[in-house]
Amino acid sequence: MLRHLLGAFGLFLLLTTAAPPVELEDAAGSYRIAPAGSRIAFRIPKAGGGAMTGSFGSFSGSIVIDGRDLSRSQVEISIDPRSVATGEQRADRFLLSDAVFNAPPERRITFRSMGVKRTGDGTATVAGALTARGETHNETFHVALASMKGGRIGFHVTGRVLRSRYGMDVGTPIYSNVVDFDMTLIGARN
Amino acid sequence: MTVLWNTEERYGWVAILLHWLMAALILGQFTLGFVMTRTDDQRLAFERIQLHKSIGLTLLALAAVRIVWRLANRQPHLPDLPRAEARAARMVHAVLYALLLVLPLSGWALVSSSVLEIPTMPFGLLVLPNLPLDVSEAAEAFWASVHRWIGWGAIALVCLHVLAALRHHFWLRDNILLRMVGAERRE
Ligand code: HEM
Ligand code: HEM
């Protein structure tokens, strides 16, 4: 999410320099992540081809874009692991069990940005602390500004996370240790 | 002296080794199948099921070797037994051979038809393709119950087989069990 935010920020900067449409100042502000239109999906490749895919249906978060210094922008996301959906109930139950998320109701998956770096026209990387299953590690996500209209800002965020670092390496090497995230985050201006 | 090949009187080392190796693996495999379907810890359950698949497929390969070896060898004569008993022994052995193939195949069918589509990677070494079967909840449930029935049926037959072997040894006091371990009864 942070990455998305950062990316968006970068995009803004680029746009401000390259073309008239969006000024960083226009994007600056504080947003809350809107469930409508936002999506957090993941993909875990399988040995021999194919992948297990799924998404989280319940999450919340905030995005603060610093109009003067993009690198000081902030992203926070909190995901309810119980909202995981792979399209296969047995797989969902397995993910929620002690084997993977080991998720009591109060334990959420969180990301808190610690640094945003502009990487190009409308793109940025967001580095931050990802916490899952009681483990916290630094992760970096790539963010691209996707839309900006009427107080709503949209980012496309991608990133790869090694699940072994979070005590979730069950099933390797049958299922890849790498989880590919693909998110669309829509921020609604506060 | 026991040699590689079977003779008219006794089993060779290869037959003996295959018999006991597979007997041990099948009993282990049966226990594992029972335990893994009743394991609460989901990670452990997943790993046990993968191990069960790996051992089961090893057994399938061993079964092929064993059947080829059986066909390439002569069979030791049975001692003087009532005809019905000799026929029962031959029949049980034939069914046991069939089960050595059908039981792991039914397991392979079960994972191949599962909607979970969990790849089968024996001992993490290579990805085994699925059998070309219908993938659906119904197909999976069907093959799972086939696998369960054949598994429990096989263990029942093995019990009968073991009781028969013990009867030969302790009751009839013949050479049947001893020649399956490469030994002989001394007078
Ligand atoms: C000689 C070989 C095998 C034996 C003796 C055996 C035996 C068993 C037994 C006793 C069970 C538990 C049944 C129950 O009470 O629920 C079981 C379950 C199972 N077996 Fe096997 N099995 C063999 C081979 C295989 C193979 C080759 C595979 C897959 C490649 C396989 C896959 C499974 C699976 C997935 C289950 C769980 C089914 C369920 O969810 O109920 N088995 N097996
Ligand atoms: C999973 C377990 C087992 C399987 C699948 C199995 C299978 C077989 C088969 C197919 C044969 C026929 C060999 C042939 O003549 O080609 C055989 C023979 C024999 N088995 Fe087993 N067996 C198992 C366990 C045992 C156990 C635990 C014992 C001992 C108590 C045993 C004792 C014997 C004996 C003594 C013979 C030789 C019979 C003869 O000389 O004609 N088996 N077994």
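In the text below, chain A, chain B and the rest are named by the order of the sequence lines, each starting its count at 1.
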Q.
How about CD on B:Glu8, more than 12 heavy atoms from neighbouring residues, nucleotides or ligands closer than 6.0 Å, or not?
A. yes

(Q) Using only non-hydrogen atoms and a strict under-4.5 angstrom cutoff, which residues of residues 82-113 of chain B touch chain A? (A) none

Q) Do B:Leu131 and B:Leu57 share a hydrophobic cluster (ILVMFWY, side-chain heavy atoms under 4.5 Å, transitive)? A) yes

**Q.** Exceeds 12 heavy-atom contacts within 6.0 angstrom, atom CZ of B:Arg38
**A.** yes

**Q.** Sorted by number, residues from residues 171-178 of chain A in contact with chain B (heavy atoms, under 4.5 Å)
**A.** A:Gly171, A:Pro173, A:Ile174, A:Tyr175

Q: Could you look at B:Ile118 and say if it's the side chain, the backbone, both or neither that has a heavy atom under 4.5 Å from chain A?
A: both

Q. Hey, is the main chain of A:Asp98 close enough, under 3.5 Å, to the side chain of B:Asp41 for a donor-acceptor pair?
A. no

Q) Would A:Ile186 end up clustered with A:Tyr31 when hydrophobic side chains under 4.5 Å apart are linked, directly or stepwise? A) no

Q | Side chain to side chain, B:Gln42 and A:Val100, heavy atoms closer than 4.5 Å | A | no

Q | Close contacts, residues 41-51 of chain A versus chain B, judged by heavy atoms under 4.5 Å | A | A:Lys46, A:Ala47, A:Gly48

Q) What is the distance from atom CG of A:Asp169 to atom CZ of B:Arg43, rounded to the nearest 0.5 Å? A) 4.5 Å

Q.
For residues 45-53 of chain B, give me every residue with a non-hydrogen atom less than 4.5 Å from any non-hydrogen atom of chain A.
A. B:Phe46, B:Gln50

Q: Count the heavy-atom pairs under 4.5 Å between each of B:Leu128, B:Leu116, B:Leu44 and chain A, then report the option with the highest count.
A: B:Leu116

Q.
With a 4.5 Å cut-off on side-chain heavy-atom distances among I, L, V, M, F, W and Y, is there a chain of contacts connecting B:Val146 to B:Ile26?
A. yes

Q: Give a yes or no on whether B:Leu59 and B:Leu21 share a hydrophobic cluster (residues Ile, Leu, Val, Met, Phe, Trp, Tyr; joining criterion: side-chain heavy atoms under 4.5 Å apart).
A: yes

Q: Following the transitive rule for hydrophobic clusters with a side-chain heavy-atom cut-off under 4.5 Å over Ile, Leu, Val, Met, Phe, Trp and Tyr, establish whether B:Leu177 and B:Trp171 coincide in one cluster.
A: no

